[in-house]
Each structure stands twice: as structure tokens, then as C-alpha cells.
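One structure is given below, encoded as C-alpha cells.
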Amino acid sequence: MWDSGNRLLFQSCIADLIDTPSVQAMRDVNQHVDINCFEHCVFVAYVSFLICRRFGWDFHAAARGGLLHDLFLYDWHEKGSHQGWHGFTHPEAALCNASKICELTELEQDIILKHMWPLTLRKIPKYKESFVVNAADKVCALAEMLQIYRLMRVRTKLNVSCGQV
Ligand SMILES: [Fe+2]
Ligand SMILES: [Fe+2]
């Protein structure tokens, strides 16, 4: 899971995104428990990348869409930080911010916009990679909340705390 071959290929998929100010700004946004949004998105991106690579699917788009899926850039715990209900509206905010830092493919757009389905009822994922990121998001969030993220030492293995992935 954590071997250098996977890690290097993953890094190459997100190389042009990881150091952008917007992506780095996710470090300042709380996500689950003591996990920030950057750490969560890298975790989701890596798990999605591994699954898609395993099945011969578009792991490049899965890594990129996974990294950008929660690029909403506000603290959703704070009242007045956003309009509407965060659970429904943040995929569109993330897509808007993501489209400012790179040209997104249709698949990457679908991954970001549909990642909250089935909560967002009508936004059903169109591609298998979108379903993978959708599922990885939920599994990773659970792992973060149940402290499995910490027990698996994901932060260290993905080097997210030292600014490198
Ligand atoms: Fe999300
Ligand atoms: Fe997420």
C-alpha cells in the first residue's frame, strides 16, 4: 500500500497541484477531529489512486479529483463561514476553487461535484472513478474519526506534516 512505486506515481499525478496556495491553504481548515482538510484530501486521493490503479482505471484523475474534492476553503464549523448547508453546497465551492488552479477534465469535475452523493440526491456519479472517490471519502472520514488514521500512521507515511507528499 505504501511502497515507493505507488508513492512516486501518486506524486507525479498531483505534482502541479500540491504546492499551489489554494491546496496548501487546506492545511488551515479543520476537517475531522484533529485532521485538517489537506491531510484528509491527500488521504482520500491516495486511497482512490490505489483502488483505481489496482483495477486499471483512471488513477490520474482519481488522485487529482480526490485531492481537490474538498477545496472549499472555509471552516465549516464556524457560523456564517458559508451559505446554505455545508453538506450540500461545498462540492460546488470546491469545484469553483479547483477550476481556478487548473483545467479540470470532465471526469475530474464529476469526481468533485458528485462526491457527496447520495446526500446530494440528484448528483449521481457518472464514472466509476467518481464512485471510488465517493466511497474513499466516506471510508477515510470514518478512519479519521475513529483514530484509525492515527493508528495507521497515515500522516507519517504520506509525509503530509512536513509539506511533502
Ligand atoms: Fe466533502
Ligand atoms: Fe471529503
Side-chain angles (χ1 to χ4, degrees), residues 1 10 13-14 17-18 20 22-52 57-102 104-152 154-155 157-158 160-161 165:
M1 180 173 180
F10 176 65
C13 293
I14 58 168
L17 302 174
I18 196 73
T20 58
S22 295
V23 170
Q24 288 296 317
M26 290 197 288
R27 291 180 184 278
D28 298 323
V29 178
N30 286 334
Q31 188 72 353
H32 306 118
V33 203
D34 60 341
I35 311 290
N36 66 50
C37 201
F38 178 84
E39 293 168 331
H40 166 72
C41 285
V42 171
F43 189 23
V44 171
Y46 190 67
V47 170
S48 303
F49 160 86
L50 287 179
I51 295 169
C52 287
W57 298 340
D58 192 341
F59 58 80
H60 185 263
R64 296 172 72 81
L67 182 68
L68 301 172
H69 82 280
D70 273 339
L71 194 75
F72 47 84
L73 299 178
Y74 55 75
D75 188 345
W76 60 273
H77 305 85
E78 275 184 26
K79 268 191 173 178
S81 62
H82 57 282
Q83 289 191 324
W85 190 38
H86 172 74
F88 287 117
T89 60
H90 79 272
E92 282 176 29
L95 180 62
C96 180
N97 290 331
S99 65
K100 290 175 187 164
I101 59 173
C102 67
L104 297 162
T105 64
E106 194 182 322
L107 170 53
E108 289 163 352
Q109 290 179 38
D110 194 75
I111 288 172
I112 297 168
L113 201 57
K114 315 278 183 68
H115 82 267
M116 287 303 288
W117 185 83
L119 187 69
T120 49
L121 277 176
R122 290 183 188 170
K123 291 177 180 160
I124 303 169
K126 186 175 172 186
Y127 304 98
K128 48 191 178 299
E129 291 85 354
S130 306
F131 277 104
V132 169
V133 176
N134 182 296
D137 183 36
K138 289 157 181 64
V139 170
C140 290
L142 198 62
E144 291 159 15
M145 288 186 274
L146 297 178
Q147 300 293 321
I148 296 167
Y149 181 93
R150 185 187 293 274
L151 289 170
M152 287 177 68
V154 176
R155 188 177 275 144
K157 285 170 178 157
L158 288 176
V160 285
S161 55
V165 174

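A quick note: this is a predicted structure, and the numbers were derived from the prediction, not measured. Order of appearance sets the numbers: ligands from 1, and atoms from 1 within every ligand.
The Fe ion (ligand 2) lies under 2.8 Å from an N, O or S atom belonging to His40. Because the distance cut-off is set at 2.8 Å, His115 fails to qualify as a neighbour of the Fe ion (ligand 2), as none of its N, O or S atoms comes that close.
When the Fe ion (ligand 2) is compared with the N/O/S atoms of Asp137, atom OD1 turns out nearest. Atom NE2 is the N/O/S atom of His90 found closest to the Fe ion (ligand 1). Distances from the Fe ion (ligand 2) to the N/O/S atoms of Asp70 are shortest for OD2.
Asp110 and Ser130 are linked by a side-chain donor-acceptor pair at a separation below 3.5 angstrom, with hydrogens and angles left out of the test.
For the pair Cys102/Thr20, no side-chain contact is recorded, criterion being any heavy-atom separation below 4.5 Å from C-beta on.
If you look at His86 and Phe72, their ring centroids are closer than 6.0 Å. Ring-centre distance between His40 and His69: below the 6.0 Å cut-off.
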| Is there a side chain to side chain donor-acceptor pair (under 3.5 Å) between Asp58 and His60 once you walk through the steps? | CA-CA 5 Å; Asp58 192 341; His60 185 263; 4.8 Å; no

